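Predicted, not measured: the structure shown is a model, and the values here were computed from it. One-based numbering along the sequence shown.
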Amino acid sequence: MVPWVRTMGQKLKQRLRLDVGREICRQYPLFCFLLLCLSAASLLLNRYIHILMIFWSFVAGVVTFYCSLGPDSLLPNIFFTIKYKPKQLGLQELFPQGHSCAVCGKVKCKRHRPSLLLENYQPWLDLKISSKVDASLSEVLELVLENFVYPWYRDVTDDESFVDELRITLRFFASVLIRRIHKVDIPSIITKKLLKAAMKHIEVIVKARQKVKNTEFLQQAALEEYGPELHVALRSRRDELHYLRKLTELLFPYILPPKATDCRSLTLLIREILSGSVFLPSLDFLADPDTVNHLLIIFIDDSPPEKATEPASPLVPFLQKFAEPRNKKPSVLKLELKQIREQQDLLFRFMNFLKQEGAVHVLQFCLTVEEFNDRILRPELSNDEMLSLHEELQKIYKTYCLDESIDKIRFDPFIVEEIQRIAEGPYIDVVKLQTMRCLFEAYEHVLSLLENVFTPMFCHSDEYFRQLLRGAESPTRNSKLNRLKKVLL
């Protein structure tokens, strides 16, 4: 019987929404007390109900007025409400699902992987700041490396390759952070989160002051007043550092390059640097009373700022000098596109990698244009050759320039217009491409995409490392790779 009664009690509690009633009583204790007294008076003094109706009408009017003006009320609002519209920024969103594809340029590309977005691979693109701010930020990051990386790394090796990769990762993290800070809706954070937390803290401090007479015990009394609502990071310094480590791990998918989280050693190093050397000192600085008072004075003071005595510093690419490689020795693992094309095995691995990334047609365009240029640059062309070249140009235009094509590559509009004009014109105009720059610039664009984006990605891919470890794989896997090589080549 006892479990059955308990189950029925829980169901009745859910239907009556007692938790909601308890929360309302906690938020509005005076109003609930007056309502309870008025209800008791109506039951005990029912002969004077005509007099008590005056008070009931007043209560009903107050509730109706509050629900009518409250935007978060469960009842329908009879007045129009002015809804705050968050600011819309034109910055490229990082890690979107198929937005502004680097290959085809379509808004919602379903063919190419999101990791191919140039903004995802290089978030510092089109991100420029003042040269003085850039120099100061570079100095801070250099101090982080000098204090927490070089002391133990110099005992291992003098090679700067690892530190160069770490510099690029830090630049990636800082660029992502800058882009996301620009997207933060500060008024909503202040009104919906900061003010509520500040009022809650003031309420706790007031209650703690009433319990203690000596201000030396005020901090401990405030922590006890929070009770179970006390944040886990406030329990001890060790818990705070542990919390920041876990928080940093949760941020890795948003602040690190794609696939960087697969490297456990790198993520551990970045976690310790960010949590212990960046976040923890930053929170200590922000929590300092002098810092809080100074920020409040800045926000409250409405006096105009002092006029600048020096001219504004020029804008520079974000942390470009900081990320420049210090290692002058060429890496044995680094490849150039020319080396890949000269070796058949590497070319097969590279094509297989592009196939996995959905970008084989980028290399196909490069090869097609090279063959086309070899044919069109001949001194004298017959009508049959011009007709064949014109048909080939039409095929290039339909395959790589039309919006509806699945193999579309993003080019500058003037390049597409020039190619379209020749492709849709008479076939004898194809000889104009010998002196026009449109096709050559399209080739340079695709070649730059292959050299600067796909080749570095290939050097960090599993396909390239399988090529380095060839012979160590099983015979079954090697036979499968040989069959696949025949299909692709």
_Run Tyr226 and His231 through ring pair (Phe, Tyr, Trp, His ring centres under 6.0 Å) and show every step you take._
CA-CA 9 Å; Tyr226 270 105; His231 197 278; over 10 Å; no
*For the pair His445 and Phe411, name the ring-plane relationship: parallel under 30°, tilted 30 to 60°, perpendicular over 60°.*
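Perpendicular.
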Working to the nearest 0.5 Å, report the span between [atom1] of [X] and [atom2] of [Y].
X: Leu433; Y: Phe440; atom1: CG; atom2: CZ; answer: 8.0 Å
X: Arg349; Y: Ile340; atom1: CZ; atom2: CD1; answer: 13.0 Å
X: Gln467; Y: Leu346; atom1: CD; atom2: CG; answer: 4.5 Å
X: Leu280; Y: Leu244; atom1: CG; atom2: CG; answer: 6.0 Å
X: Ile419; Y: Cys401; atom1: CD1; atom2: SG; answer: 4.5 Å
X: Phe350; Y: Met457; atom1: CZ; atom2: CE; answer: 10.0 Å

[X]/[Y] ion pair, N-O < 4.0 Å:
X: Glu139; Y: Lys132; value: no
X: Glu324; Y: Arg167; value: no
X: Arg375; Y: Glu370; value: no
X: Lys207; Y: Glu203; value: yes
X: Lys398; Y: Asp407; value: no
X: Glu272; Y: Arg245; value: yes
X: Lys200; Y: Glu229; value: yes

*Under the side chain to side chain donor-acceptor pair (under 3.5 Å) criterion, do Thr157 and Asp159 qualify, and how do the steps go?*
CA-CA 5 Å; Thr157 179; Asp159 187 70; 5.6 Å; no
Report, as yes or no, whether the 6.0 Å neighbourhood of atom [atom1] on [X] holds more than 12 heavy atoms from other residues, nucleotides or ligands.
X: Glu371; atom1: CD; value: no
X: Glu451; atom1: CD; value: yes
X: Asp158; atom1: CG; value: no
X: Arg264; atom1: CZ; value: no

*Where His361 and Tyr400 come nearest, the two heavy atoms and their spacing*: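 So the minimum-distance heavy-atom pair works out to O-CE2, 3.6 Å.
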*Which heavy atom in Leu319 sits nearest to a heavy atom in Leu141, and how many Å separate them?*
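The answer is CD1-CD1, 3.8 Å.
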Report yes if the side chains of [X] and [Y] come closer than 4.5 Å at any heavy-atom pair, otherwise no.
X: Trp124; Y: Ile168; result: yes
X: Phe318; Y: Leu137; result: yes
X: Leu269; Y: Leu166; result: yes
X: Asn352; Y: Phe458; result: no
X: Leu234; Y: Glu240; result: no
X: Arg209; Y: Leu218; result: yes

*Going by distance alone, is a donor N or O of one side chain under 3.5 Å from an acceptor N or O of the other, for Ser236 and Asp239?*
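Judged by distance alone, the side chains do pair up.
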*Output, in order, the C-alpha distance, side-chain angles, deciding distance and verdict of ring pair (Phe, Tyr, Trp, His ring centres under 6.0 Å) for Tyr243 and Phe279.*
CA-CA 11 Å; Tyr243 173 78; Phe279 292 152; over 10 Å; no
*Does Ser448 reach the main-chain N or O of Glu444 with its side chain, forming a donor-acceptor pair under 3.5 Å?*
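Between the backbone of Glu444 and the side chain of Ser448 there is no qualifying donor-acceptor contact (under 3.5 Å).
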*Which of these, Val149, Leu170, Ile273, sits in a side chain to side chain contact (heavy atoms under 4.5 Å, CB included) with Val144?*
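For Val144, the side chain to side chain contact (heavy atoms under 4.5 Å, CB included) check succeeds only for Ile273.
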*asked:* Before you tell me yes or no, could you show the steps for Asp284 and Arg237 under salt bridge (charged side-chain N to carboxylate O under 4.0 Å, His left out), namely the whole-Å CA-CA distance, both residues' side-chain angles and the distance that decides it to 0.1 Å?
replied: CA-CA 11 Å; Asp284 292 340; Arg237 191 69 169 177; 2.6 Å; yes
_Geometric cation-pi criterion Arg154 and Tyr150, 6.0 Å radius, 45° cone_ =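 Yes, a cation-pi geometry holds between Arg154 and Tyr150.
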*asked:* Show, in sequence, the C-alpha distance, side-chain angles and deciding distance for Phe162 and Tyr153, and conclude whether the ring pair (Phe, Tyr, Trp, His ring centres under 6.0 Å) test is met.
replied: CA-CA 9 Å; Phe162 172 77; Tyr153 184 73; 5.5 Å; yes
